[in-house]
Amino acid sequence: MAIAAHAPTRLRRISNARWAPWLYLAPALITLVVWIYWPLVDAVRLSFFQWNMLPNSPQVFVGWENYQRIFALPKFWQALRNTGVYVLGLLPLAVLIPLAIAIYTHDLPERSRNIYRAIIFVPMIIAPVVAAAVWRWLLDPAYGLANQAIKGVGLDPVKFLSDPNVAIWTVIAITGWKLMGFSTLILSAANANINPTLIEAARMDGAGKWEIIRDVRLPLLSSTVLFLVVMTILLGAQWSFTYINVLTGGGPLGATTNIYYLLWDFGFSTMSVGWGSASAVILFLGFGVLAFVLFRLIDRYSFHDN
Amino acid sequence: MTIDVIARPARARPVTLRRISNRSGLNTAAGHLLMVLLSIFCLFPVYWMLVSSFRPANTLFETSLWPTQPSLDNYTRAVDAIPIARMLINTLVFSAVSTVFQLLTGILAAFAFARWKFPFDKLVYTGVALTWLVPFQVVMIPNYLLIAQMGLLDSVLALILPNIAAALAIMLLAQAMRGFPKEVIEAARMDGASNWRVLWEVLVPNLRGTIASLAILIFISTWNEYFWPLLLSRTAENSVIQIGIQMFMTAEGNQWGPLMAASTLASLPVLVIYVVLQRQVVQSFMKSGIR
């Protein structure tokens, strides 16, 4: 900014500029402090107390006890393991398959691509609760279309949501259904943005179809792929929350409970603020470390053309 | 992460044309097949919701792809069971007010970051950006307690309050404003316009594309919001439609017909926006990444 050009007004502007930005920032910052930063601090404080959320009952200081108890709970470790399963299960649906589709369909004519684009984006704008309701209907053990089809070919109906071995994969698949079209669009856009002269140059050098994909397209797509992978790792288990809440309630036998659902369960089903807050703090710290490491990785390994 | 979709067609076309001519159509056909399958997979559940919502109770379990005796039976039953109109209005108020406020606070904050260098500006910006990564589940208990202390449980106002500012809006707008030519701002300042006027008469009108696509994004995400309303809801009258849908799914059994009707009604506004503004909706989602 060329401050020197306005030498006469400079003094006034500097004193003005001292508080002006803060005035403009105030509404946003106050909101974020009140609803995010202060609650974070409060969650840390509450994690050292035992309290059942009733205004009249006392908050009892218990030190590290909440943390010790949580780490001793099999439920906690089960939820942590499930969180890993969610992330690993979502990666193919949110990254690998969309990547394959994006590369495979990149030379379809512009017009039909636009139509496909419009259709595969629909799940993304549908409300998670609506998606949960519709899938619950489609997968109903007695009357759902899926099981009618399965029975139609003479097989036993599948208890998609009440079989402990199947339920988590059902929730993962529904989450994947929401995301797949979106990831495909992101990757298609990145793929289409690759400078065609690079592809032509590789072709001139005698590279075959697979070599072009492996040596030109994939490296150039790596930063987008990495971004989607990181988002899936950081947010994947969170995206499933509504489906778990509406479809399985974390069950059967905790089989679909992930760490986010466990937090909700501690906080609002069992009304134990201390446990809920302690696991929130654990989650936040774990999440923070993971996010830090992943963003460092993005910085180091992302590859840019141009 | 920003993905520039518009810049693509012009330079991709000549190569595409040449390639199609010297390759067998087989690959293209397989590509179409793949995309058609994916399209069916993505669209069918939504279609099935629509079809089921028009099936009266006695034909609900039919598997035909088209309702044989279409009726509005499920809709009347849904309207009788829960105050749907009221819930839709609540959802509209929640989404519209949140959108307006997020844009307002976002525009002001973004202007501060784009216009001035001030002590701790980078730190404050990082602080804003980091809130985007805080899972809501982590802060939900204190947020809930705060709302309870304010005596606002079970109100639409309580839904709106934490949503009047968001990191995403601030970051996207700051990015757009930083890209705005500084000379134009300086010229307006030379003409004696105050910063306030520069913001509202120069920057905002010129960034209306960005602001509009951000508005679409915020509106749709708020409309679809479930978790925060779930925490606060006590009565159907003061809740949003997403909670209404959930009321048709109970442990004792599901009222499939009305459930599909309520789900259709809840999706209708968003689907209408999508049909009318398809390009803008897709672009606004793609520009902002996922969440």
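Since the structure is predicted, the reported quantities are computational estimates derived from the model, not experimental observations. Just so we're on the same page: letters track the sequence lines, and every chain starts at 1.
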What part of [X] gets within 4.5 angstrom of chain B, counting heavy atoms only: side chain, backbone, both, or neither?
| X | answer |
| --- | --- |
| L138(A) | side chain |
| L29(A) | side chain |
| F295(A) | side chain |
| F287(A) | side chain |
| I125(A) | both |
| L234(A) | side chain |
| S277(A) | both |
| V41(A) | neither |
| S279(A) | neither |
| W135(A) | side chain |

Of all heavy-atom pairs between [X] and [Y], which one has the smallest distance, and what is that distance?
| X | Y | value |
| --- | --- | --- |
| A112(B) | P21(A) | CB-O, 3.5 Å |
| P45(B) | V134(A) | O-CG1, 3.1 Å |
| P162(B) | T31(A) | O-CG2, 4.3 Å |
| F41(B) | M180(A) | CE2-SD, 4.0 Å |
| W177(A) | C42(B) | CZ2-O, 3.3 Å |

Proximity breakdown for [X] and chain A, heavy-atom pairs closer than 4.5 Å:
| X | result |
| --- | --- |
| L38(B) | both |
| Q278(B) | side chain |
| M35(B) | both |
| W196(B) | both |
| F101(B) | neither |
| I241(B) | neither |
| A110(B) | neither |

Flag the pair [X] / [Y] as yes when at least one side-chain heavy-atom distance between them is below 4.5 Å, and no otherwise.
| X | Y | value |
| --- | --- | --- |
| W38(A) | N143(B) | no |
| I170(B) | L32(A) | yes |
| Q137(B) | Y261(A) | no |
| V130(A) | S267(B) | yes |
| V246(A) | Y226(B) | yes |
| L46(A) | L145(B) | yes |
| T242(A) | Q242(B) | no |
| Y116(A) | V36(B) | yes |

Residue, of [options], that accumulates the most heavy atom pairs under 4.5 Å with chain B:
| options | value |
| --- | --- |
| W137(A), Y104(A), W264(A) | W137(A) |
| L283(A), T105(A), T184(A) | T105(A) |
| A127(A), S112(A), A43(A) | A127(A) |
| I101(A), V34(A), V273(A), I259(A) | I101(A) |
| A118(A), A149(A), G181(A), P27(A) | A118(A) |

Verdict with supporting geometry, I141(B) and L263(A), side-chain contact (heavy atoms from CB on, under 4.5 Å): CA-CA 10 Å; I141(B) 292 176; L263(A) 277 186; over 6 Å; no
Dump the intermediate steps for side-chain contact (heavy atoms from CB on, under 4.5 Å) on F113(B) and L25(A), then the final yes or no. CA-CA 8 Å; F113(B) 287 125; L25(A) 281 170; 3.6 Å; yes
Go through the steps to decide whether Y274(B) and I126(A) satisfy the test side-chain contact (heavy atoms from CB on, under 4.5 Å), and finish with yes or no. CA-CA 10 Å; Y274(B) 184 61; I126(A) 290 290; over 6 Å; no
Who among [options] has the most heavy-atom pairs with chain A under 4.5 Å?
| options | answer |
| --- | --- |
| L259(B), L146(B), T264(B) | L146(B) |
| L108(B), L130(B), T105(B) | L108(B) |
| Q246(B), M260(B), E225(B) | M260(B) |
| I243(B), I273(B), L104(B), L34(B) | L34(B) |

Assess the residue pair W48(B) and L145(A) against the criterion (side-chain contact (heavy atoms from CB on, under 4.5 Å)); give the C-alpha distance rounded to whole Å, side-chain angles, the decisive distance to 0.1 Å, and a yes or no. CA-CA 9 Å; W48(B) 197 246; L145(A) 193 64; 3.7 Å; yes
Please check if any side-chain donor atom of Y24(A) sits under 3.5 Å from a side-chain acceptor atom of N195(B), or the reverse.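 On atom types as modelled, these side chains do not qualify, holding no pair under 3.5 Å.
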Look up atom CZ in R136(A) and atom CZ in F248(B), then write down how far apart they are to the nearest 0.5 Å.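 That separation rounds to 13.5 Å.
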Apply ring-ring contact (aromatic ring centres under 6.0 Å, His included) to F49(A) and list each qualifying residue two or more places apart in sequence or on a separate chain.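 Checked F49(A) against ring-ring contact (aromatic ring centres under 6.0 Å, His included); matches are F61(A).
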Taking the ring centre of each residue, are W256(B) and Y143(A) less than 6.0 Å apart?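 For W256(B) and Y143(A), the ring centres are not under 6.0 Å apart.
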For the aromatic rings, using the six-membered ring if either is Trp, is the centroid distance between F121(A) and F285(B) under 6.0 Å?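 Yes: the rings meet the under 6.0 Å criterion.
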